[in-house]
Amino acid sequence: MSMAFYITTPIYYVNARPHLGHAYTTLVADAASRFQRMRGERVFFLTGTDEHGDKIVRAARKEGLSPREYVDRVSRLFRELWPELAIAPDRFIRTTDPGHQAVVARVLSRIHEAGDIYFSEYEGLYCFGCERFYTERELVEGRCPDHRVAPERIREANYFFRMSRYQDWLVDHIRRHPDFIRPERYRNEVLAFLREPLEDLCISRPRSRLDWGIPLPFDERYVTYVWFDALLNYVSALGWPEGELFAAFWPAARHLIAKDILKPHAIYWPCMLRAAGIPLFRHLHVHGYWKVEEGKMSKSLGNVVEPLALKDRYGLDAFRYFLLREMAFGVDASFSEEALVQRLNADLANDLGNLFSRVLTMAWKYMDGVVPAVDPETARQYGLGLGPEAVRTVLEYERAMEAFEFHRALAAVWEFVGRLNKAVDLSAPWELAKKKSTRPQLEAVLASLLKGMRLVAGLLHPVMPHTSARMQAQLGLEADPRFTNLEDMKLWQPFPAGTRLGKASALFPRVEPATAEPGPEAAAPGAAAAPETPTRKPEVGIEEFLKLDLRAATVLAAEPLPKAKKLLKLEIDCGERRTIVAGIAEHYRPEELVGRQVIVIANLKPAKLMGVVSQGMLLAAGGEAGPVLVAPVKPVPPGSALK
Ligand code: ME8
């Protein structure tokens with residue numbers, strides 16, 4: 001059954017260029033839209049620009065332009081950015097569009113006629129940056145919480161929207177619809193705010209002070225407050241009240257925002273809709289903030305990461321993947337180039353890229369790039385039995401994508417990628433290829449792996465559309481419409497025999513970070529590490545941990561290495577005799593080590609240090625005064641595996 005899916009982003013202010021925060025929200029809307037299309041839903045994805053108000057006039061003046069010239073110029077920057085990020089909205093709305101302005105006037109007249117707009121003199125604390133009055137209790141130490149300047153006391157006659165009258169109704173609605181505002185923490189925040197009496201909303205600005213806005217239809221001396229104007233874009237874009245789009249999509253409306261604009265969306269907007277006799281939207285999805293070097297990243301503070309610079313340096317899909325994988329939707333996240341590079345190297349180049357290049361290379365080498373026909377009996381006997389896991393992966397992915405838990409959806413896909421990589425190691429197709437008698441096994445294994453890769457490639461479409469298409473081509477499935485159909489994926493159909501695979505080529509080359517300084521010293525001992533610090537390493541699956549051969553060992557002999565002040569040469573027993581060179585000479589004397597137990601990584605690639613081949617590495621904790629060796633708390637037989 002097909003349902004409509006309508007998703008909106010905030011319409012962005014044009015007083016500055018687009019930045020990472022804007023890119024993130026719009027990317028989320030794009031990924032969610034692509035995902036819904038994979039489920040066969042009818043989708044409408046809206047974004048645009050918010051172009052009226054004081055802020056814009058001041059920004060235009062600074063550039064020596066008229067507001068009209070200025071908004072045209074900056075709005076175009078936003079509109080042209082989205083295709084460069086493979087973001088494909090169905091409509092880009094501007095609040096200066098005549099159609100939108102007509103809707104604003106019409107809604108204002110309706111609410112005015114219904115008696116919910118009144119004229120009154122008001123004196124209050126006004127922040128020019130925010131273009132709104134603040135109550136004392138909203139200020140932080142007497143200052144605007146956003147702009148950090150003291151608001152000015154001004155006195156003005158203005159029009160007010162009787163928002164207070166909708167307070168009880170709104171509280172009731174939020175209580176009765178637990179998923180109206182998601183995640184829960186923001187719902188609670190709104191309910192907490194609504195415990196205090198709600199004030200009426202000033203919705204006009206005198207033209208003597210601000211001329212760049214939509215005139216009030218019932219008093220030409222005033223223009224409309226920019227938020228009252230902007231929020232209405234969500235219905236004007238659908239052609240409210242009579243449009244076919246409105247009828248089809250409005251009942252399914254979901255607004256996507258960051259926490260900075262929770263109040264206008266969770267409070268003003270529902271009250272406005274109610275007063276205008278328009279049904280409410282379905283859901284408000286609220287995400288956290290990207291933080292760059294501790295502070296909030298915003299235009300007013302000036303530490304903005306240029307999204308395009310990063311996508312050019314590391315590739316668009318890696319950039320999209322990073323943003324969606326790194327941020328737990330709803331919670332703030334730290335942005336760092338190092339974290340991006342780590343994810344690119346670990347998740348994309350290593351896990352995903354290696355899987356594709358290994359399997360495709362083998363498919364060419366052993367099967368000439370043609371997918372073999374494997375009869376069901378052989379498949380059952382020798383295939384990898386991935387079916388149940390594959391279906392579980394799709395179901396978890398679907399649940400998480402639907403809930404806007406993109407990081408979880410991707411983690412589920414990567415767990416499956418890990419399973420496939422492990423299956424390559426365990427089934428060792430290169431061994432099966434050595435004998436004629438194991439040919440059926442070889443074919444069954446490779447067909448299973450290709451089937452798994454087809455699933456991974458399809459599931460990645462919403463997040464990495466270009467890479468997904470390249471994988472599709474490598475798998476020889478370009479013309480297959482089932483490739484991105486979620487229901488088809490759940491059926492886990494055989495990979496069509498006879499399919500000619502495309503050539504394998506590296507999907508993600510490894511990169512060296514431009515400014516990488518991994519800096520474990522940042523996590524100084526005793527310092528409480530914040531849960532989202534940039535120095536935290538990316539999450540790994542258990543299968544990655546299990547790749548390390550960690551063992552207890554006993555030191556048999558130890559001696560200094562001539563000419564190397566810091567190094568000791570150790571002979572150890574880790575189930576077998578090994579030589580290890582360790583950088584601990586300044587902290588341990590050779591004689592105090594002999595007979596002691598230590599922990600070694602036994603499968604680390606051997607490395608030559610001062611002419612001696614070191615066949616492993618000792619584990620040590622980074623103590624303040626130097627490394628402290630790690631040991632089992634009770635003696636164990638040498639070679640005992642750690643788990
Ligand atoms: O508020 N992290 O426009 P705006 C994550 N015109 N997202 C961020 C972010 C960050 N550091 N910084 C900005 C406006 N965003 C109004 C909206 S809607 C009817 C009117 C994103 O240009 C996030 O989506 O200030 C946030 O809500 C939005 O940009 C604010 O954009």
Side-chain angles (χ1 to χ4, degrees), residues 7-30 32 46-56 59 71 74-75 77-78 81-82 87 92-96 100 103-104 107 127 129-132 145-147 186 213-214 224-237 253-270 272-273 281 284-307 323-324 326-336 404 406 532:
I7 188 149
T8 69
T9 73
I11 47 171
Y12 305 113
Y13 285 131
V14 290
N15 61 336
R17 300 163 64 83
H19 63 65
L20 177 66
H22 301 131
Y24 174 74
T25 313
T26 320
L27 171 59
V28 165
D30 184 73
L46 174 71
T47 187
T49 42
D50 188 354
E51 305 187 4
H52 289 127
D54 233 21
K55 273 198 236 253
I56 312 295
V71 298
V74 183
S75 178
L77 292 180
F78 280 90
L81 173 59
W82 305 138
I87 289 172
F92 185 94
I93 190 169
R94 304 179 55 185
T95 51
T96 47
H100 170 75
V103 166
V104 173
V107 169
C127 171
C130 301
E131 296 174 32
R132 56 169 280 216
D146 257 3
H147 294 85
Y186 296 109
I214 302 175
T224 311
Y225 168 46
V226 66
W227 269 105
F228 201 96
D229 160 0
L231 287 161
L232 283 164
N233 91 88
Y234 300 136
V235 292
S236 72
R254 294 162 183 255
H255 299 310
L256 178 62
I257 59 167
K259 62 184 187 180
D260 57 334
I261 50 177
L262 178 60
K263 196 170 144 195
H265 283 82
I267 297 177
Y268 305 175
W269 182 224
M272 286 167 62
L273 287 166
F281 52 90
L284 179 63
H285 296 278
V286 188
H287 64 74
Y289 247 59
W290 279 101
K291 308 217 169 189
V292 180
E293 285 163 17
E294 297 306 294
K296 169 176 141 172
M297 183 199 49
S298 78
K299 288 169 278 197
S300 38
L301 296 177
N303 56 342
V304 168
V305 175
E306 175 59 65
L323 292 184
L324 293 172
E326 191 76 4
M327 180 177 259
F329 191 90
V331 185
D332 290 352
S334 292
F335 182 90
S336 79
F404 281 49
F406 305 98
E532 295 281 347

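In each ligand, atom 1 is the first atom listed, and ligand 1 is the first ligand listed. What you see is a predicted model, and the numbers here were worked out from it, not measured in a lab.
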Backbone or side-chain N or O of P10 under 3.5 Å from ligand 1 N or O
no
Run the contact test for H287 against ligand 1 with a 4.0 Å cut-off on heavy atoms, strictly below, and give the result.
yes
Whether W269 and F281 hold their rings parallel, tilted or perpendicular, with breakpoints at 30° and 60°:
parallel
Of all the atoms in ligand 1, which lie at a distance below 4.0 Å from a heavy atom belonging to D50?
6 (N), 16 (C), 20 (C)
Have a look at D260, I257, T25 and point out the one with the heavy atom closest to atom 27 (O) of ligand 1.
D260
I'd like to know whether L273 forms a side-chain contact (heavy atoms from CB on, under 4.5 Å) with L231, so could you lay out the CA-CA distance, the side-chain angles of the two residues, the decisive distance to 0.1 Å, and finally the verdict.
CA-CA 10 Å; L273 287 166; L231 287 161; over 6 Å; no
Close approach, Y24 and ligand 1, non-hydrogen under 4.0 angstrom:
no
If you measure from atom 18 (S) of ligand 1 to every heavy atom of Y234, F228, Y12, which option wins on shortest distance?
Y234
Is there a heavy atom in W227 that sits closer than 4.0 Å to ligand 1?
yes
Is the shortest N/O to N/O distance between N233 and ligand 1 below 3.5 Å?
no
May I ask whether K291 has any heavy atom positioned less than 4.0 angstrom from an atom of ligand 1?
no
Looking at non-hydrogen atoms alone, which of I11, I261, N15, T9 comes nearest to atom 16 (C) of ligand 1?
I11
Numbered atoms of ligand 1 (with element) below 4.0 Å of G21, judged on heavy atoms:
2 (N), 5 (C), 7 (N), 8 (C), 9 (C), 10 (C), 12 (N), 15 (N), 21 (C)
Whether H22 and Y12 hold their rings parallel, tilted or perpendicular, with breakpoints at 30° and 60°:
tilted
Just which atoms of ligand 1 are under 4.0 Å from any heavy atom in W290?
2 (N), 5 (C), 10 (C), 11 (N)
Can G288 be said to touch ligand 1, with heavy atoms closer than 4.0 Å?
yes
Taking only non-hydrogen atoms of A230 and a 4.0 Å limit, the atoms of ligand 1 in range are 19 (C)
Angle between ring planes, H265 versus Y234, binned at 30° and 60°: parallel, tilted or perpendicular?
tilted
